[in-house]
J.: 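Quick one: structure below, then a few questions.
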Amino acid sequence: MTAILELRGVGKRFGAFSALRDVAFDVGERETVGLIGPNGAGKTTLFNVITGFLRPDEGSIRLAGQSIDGMAPAQRVARGLARTFQTAMVFPGLTARENIAMAVRQHAGDGLRWFGGARAASAAAEIAVRLLGDAGLAHRAETPLRDMSHGERRIVDALMSLALSPRLLLLDEPTAGLTRAESDRLLGILRRNHADTALLLVAHDIDIVFGHCDRVVVMELGRVIGSGTPAEVREDAEVRRAYLGSTGG
Amino acid sequence: MKRNIAMVALPAAAAAAAALLADDFVLRFLAEILLFGIAVMSLDILIGFGGLMSLGHAALFGGAAYAAAIAARQWGGDVALVLGSGIATGMVLAALMGVVVLRSGHLFLLILTLLMGQMVWEVAFHWREVTGGADGLRGLPALSLGPWTLSTARALFLLAALLAAVAFVVGRSFVAAPIGRALVGTREEPIRMAALGYSLFAVRFRALVLAGALAGAAGALFPFVNLYVGPQSVHWTQSAAMVIMLVIGGIGSLWGAFIGSAVYLGIQTYLSAYTDRWQLCVGLVFVLTVLLLPNGIASGLRILRDRLRRRGA
Amino acid sequence: MPNATDHEGRASSASARAAASAAATRRLLLVGATAGALAPLATPALAQARPLRIGMVTSLSGPFAALGESMRAGMRLLLAQSGERFADRPVELIVEDDQARPDDGVRKARKLIGQDRVDLLCGVIHSGVALALRDVVTEAQMPTFLLGSANDLARKAVSPYILRPTKTNWMLGSTAARRSHETHPGARVVTAASDYAAGREFVGDFVQTYQEFGGRIGRQFWTPLGSADFGPLLTAIAAERPDSVYVFFAGSDAVRFLRQWKEYRLAGRIRLTGTGACFDQEDVLPAVGDAALGAVNTFHQSPTAPASAAFVEAYRTSGKGLPGEFSTTGYACGQVLRAATERTGGDPTDWARTRQALFDAPVDTAFGRMPFDPRNGQAILDIHVHEVRSAPGGVINTVVHTYPQLRDPGPNA
């Protein structure tokens with residue numbers, strides 16, 4: 001299996017504080033990789049570096065074999081890299097359909113279109129409704145996001161990123177605040193309907209991570225302290241120490 | 001459908017009635033309201049839709065006025081030439097402004113647009129050979145369209161009304177198109193937009209250049225209202241007046257810009273006969289609007305209309 | 001010109017529509033006002049009973065506020081002396097403030113013309129405002145007595161609707177140069193002036209005339225309007241060691257300059273000459289006292305010229321002290337308006353007749369005998385050379401020489 005994402009020696013400092021140190025791992029095509037670690041481990045910082053919102057101090061990042069160092073976020077998106085954020089960054093005043101259509105238009109190259117805008121807008125709307133339908137939310141297409149439940153909002157948030165047909169999707173705590181059932185539903189949508197997209201997801205619920213991920217990478221204090229299949233990681237001594245230590249006994 | 005017909009027929013009828021019945025003073029005054037209305041509407045696209053707070057908009061409007069006046073004095077008052085030079089100047093100035101200003105945060109945007117606007121003022125005030133300096137430019141030829149001379153107040157008013165209608169349609173089209181929605185997106189969730197692959201700079205730059213074109217078209221006809229253009233029209237206080245007009249009229253409504261322009265200019269023209277403190281009155285209206293109708297008079301009218309509809313239903 | 005019947009016909013059909021719609025009521029008022037305003041013009045007999053409405057645009061706030069107040073005071077004095085009537089016709093004066101800004105001046109002029117429907121327009125101090133108004137009043141065909149003094153107003157910006165009962169800047173700059181050449185031939189002169197249109201014209205005309213006489217001009221200094229500190233300028237002037245200095249500063253700048261001229265001990269050491277406006281009897285000299293003693297200036301207005309004696313006396317009696325340029329200008333403008341009304345049997349809005357009446361014979365004003373040049377409607381004026389001398393209670397511009405009946409070169413200049 002070829003790697004869709006390759007991190008080598010990635011480091012990031014904020015003044016004297018090292019947020020990331022010598023981070024290196026791969027994500028394979030169509031793989032689902034879980035990224036776990038205690039608070040402050042540097043997971044969100046790593047996401048920001050991978051997606052171009054932060055510039056690393058050292059190391060290299062390759063997407064589908066091509067270096068993406070120094071590229072702006074929009075350029076990385078164009079190459080097939082998408083992400084969500086810890087809070088669902090949706091447009092509260094727009095409907096679910098319009099939210100997703102915003103992403104669809106950009107992916108179709110119509111994001112800045114003026115002439116022929118009506119046709120592009122309706123084409124995008126159709127695709128958006130189809131994505132919602134596949135996720136079981138077609139009946140909510142015309143609902144403004146601010147009127148939706150937290151779980152539905154997270155699904156729409158994920159669908160927005162998936163509308164970009166990314167080869168790799170970074171999900172920063174996509175199941176935070178969701179019930180078990182809602183989490184399973186969200187991840188089920190991701191795995192079933194978008195099986196071609198590799199996923200790198202951060203989650204704190206160990207059961208979710210171990211239940212849905214092909215591999216798990218463990219971080220602590222900015223470094224990778226272990227990686228492997230869920231079973232391997234569960235037995236790893238370093239990992240057990242980190243988690244036992246962080247939960248304070 | 002009926003609503004659309006009413007939206008077109010009512011303003012058209014009002015314009016025709018004014019053209020037939022109003023005297024020269026009122027016609028020029030209405031033309032001035034319409035031209036400022038167009039400029040303020042283009043500012044609405046930046047502030048209301050894009051969240052880009054600009055205090056340099058008068059530089060686009062007034063700069064185009066100067067360009068049109070200079071071109072007319074040089075090559076005659078053909079409407080195509082006048083509008084063309086105004087639109088081109090508005091777009092170029094907007095592009096320059098955009099390149100400097102759009103990569104910075106919101107507070108810097110406010111200050112930088114103010115500074116860049118004042119740079120235009122400095123040019124207008126000091127480049128005496130071209131702009132007339134502090135004295136401004138006069139001696140403009142009459143506007144003409146092919147064989148017809150458009151020198152009367154009525155002709156100017158009708159031209160301004162036509163331009164306002166076209167500008168409004170263009171503005172609405174832009175705002176409804178993907179680019180317009182992207183602009184709103186960059187205002188609401190700029191980080192998300194970047195994460196969706198949008199270039200924030202590209203979206204905002206296009207909006208700014210469009211606003212420059214619209215303000216430039218309006219500015220091109222402005223010298224022909226007073227048969228004069230001076231540095232006051234590019235001063236930052238004029239930019240501030242436009243923001244006040246926008247707030248009073250209604251941010252985000254596009255057509256509210258014309259209401260705000262009418263209220264401001266109406267107070268300035270008619271109240272200044274009775275008192276020097278007309279600006280105090282404008283300030284009062286501004287404060288009342290912000291307190292009672294934060295989305296401007298346009299929102300108030302909309303609420304009124306909805307209430308009437310409900311009562312009728 | 002549409003006749004009254006046309007408008008009344010349109011008015012009655014409009015009134016039928018107005019009954020049906022409240023929105024049209026306002027338009028009805030507009031039409032009615034138009035009809036009402038135009039009707040008198042078609043029937044001259046009615047005109048004389050109707051008050052003569054005169055609109056005055058002047059600066060009542062901003063940098064020229066004091067000058068504008070003086071202009072208004074002068075006009076008001078003339079009206080009071082005339083019993084508020086010209087040729088037995090009551091006169092209404094409406095004054096609007098242009099804030100010394102051309103945009104506001106144009107707006108106010110349009111309002112006076114279109115809304116207040118004045119019969120005649122007058123006023124303006126700031127030349128920029130005057131130039132801006134030129135097209136507006138011409139397009140509106142409004143008879144205007146324009147008082148700004150930029151040279152273009154008598155040359156490139158001439159209009160058949162504008163008469164100018166005041167000076168042009170050239171009259172002052174060129175006579176100062178002539179006088180300097182006549183009294184001190186061969187002197188080396190440096191100039192210092194406020195950097196705006198009027199300053200550039202005064203100095204430009206002085207330099208051109210002086211050089212035509214073969215005189216030598218040293219450095220030319222410029223300061224922005226509203227300067228507070230003239231120290232660097234005065235030091236630089238002293239360093240030049242000129243034979244004399246020709247200056248023009250506007251309003252409060254003149255007061256500050258002259259005070260500092262004395263503080264820097266240049267008074268009495270370098271011959272000081274300048275434009276009369278910089279040594280205005282009402283607005284400058286009272287504030288600078290003996291700092292200006294001995295200075296020579298050229299001006300069309302003088303507190304000591306025989307022609308203005310009656311006006312000076314009346315102005316002093318009204319409690320205001322010695323008059324300066326703008327009070328005299330306001331008064332003289334009123335005198336011209338009165339003469340225009342009297343010579344046309346009470347109807348100065350018959351503009352062709354008014355112009356002819358004023359071109360045929362001069363008007364006696366506080367500036368002296370004032371004929372008008374038919375080429376450009378520009379007044380032909382006596383220009384006095386003043387020396388600032390001591391007088392009981394202060395200093396006074398004393399006439400030492402007069403260039404009589406000076407005519408601006410005009411449109412062919």
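Proteins get letters first, then strands, A, B, ... in listed order; numbering begins at 1 in each.
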J.: Which one of C/Val136, C/Leu131, C/Ile113, C/Leu133 has the most heavy-atom pairs closer than 4.5 Å to chain B?
T.: C/Leu131
J.: Does B/Trp127, at its CH2 atom, have more than 12 non-hydrogen atoms belonging to other residues, nucleotides or ligands within less than 6.0 Å?
T.: no
J.: Is it true that, when you exclude B/Trp236 itself, more than 12 heavy atoms of the residues, nucleotides or ligands shown sit nearer than 6.0 Å to its CH2?
T.: no
J.: Compare every heavy atom of B/Gln268 with every heavy atom of C/Asp104, then report the nearest pair and how far apart it is.
T.: OD1-NE2, 4.4 Å
J.: Identify which of B/Ala153, B/Gly139, B/Ala134, B/Gly132 forms the greatest number of heavy-atom pairs closer than 4.5 Å to chain C.
T.: B/Gly139
J.: Quick check: do B/Leu265 and C/Arg107 have side-chain heavy atoms less than 4.5 Å from each other?
T.: yes
J.: Please walk me through it: do C/Gln115 and B/Phe29 pass side chain to side chain contact (heavy atoms under 4.5 Å, CB included)?
T.: CA-CA 11 Å; C/Gln115 210 196 331; B/Phe29 178 60; over 6 Å; no
J.: If you look at every heavy atom in B/Phe25 and C/Gly114, which pair is closest and at what distance?
T.: CB-CA, 3.4 Å
J.: Run B/Asp135 and C/Arg200 through salt bridge (Lys or Arg N to Asp or Glu O under 4.0 Å) and show every step you take.
T.: CA-CA 12 Å; B/Asp135 291 339; C/Arg200 292 204 165 261; over 6 Å; no
J.: Are B/Arg128 and C/Asp195 close enough for a salt bridge, meaning some N to O gap below 4.0 Å?
T.: yes
J.: Side chain from CB out, backbone as N, CA, C, O: work out which of these in B/Leu140 comes under 4.5 Å of a heavy atom of chain C, or both, or neither.
T.: backbone
J.: Would a distance-only check, ignoring hydrogens and angles, find a side-chain to backbone donor-acceptor pair under 3.5 Å from C/Asp135 to B/Arg138?
T.: no
J.: Which answer fits C/Ala157, side chain, backbone, both or neither, if we ask what part of it has an atom under 4.5 Å from a heavy atom of chain B?
T.: both
J.: Check whether B/Leu27 gets within reach of chain C through its side chain, its backbone, both or neither, counting any heavy atom under 4.5 Å.
T.: neither
J.: How many angstroms lie between atom CG of B/Leu227 and atom CZ of C/Arg134, to the nearest 0.5 angstrom?
T.: 10.0 Å
J.: Going by atom types alone, do B/Asn226 and C/Arg110 pair a side-chain donor with an acceptor below 3.5 Å?
T.: yes
J.: Please evaluate residues B/Arg28 and C/Glu139 with respect to the criterion side chain to side chain contact (heavy atoms under 4.5 Å, CB included), reporting the C-alpha separation (whole Å), side-chain torsions for both, the decisive distance (0.1 Å), and the verdict.
T.: CA-CA 12 Å; B/Arg28 280 188 194 279; C/Glu139 197 263 349; 2.7 Å; yes
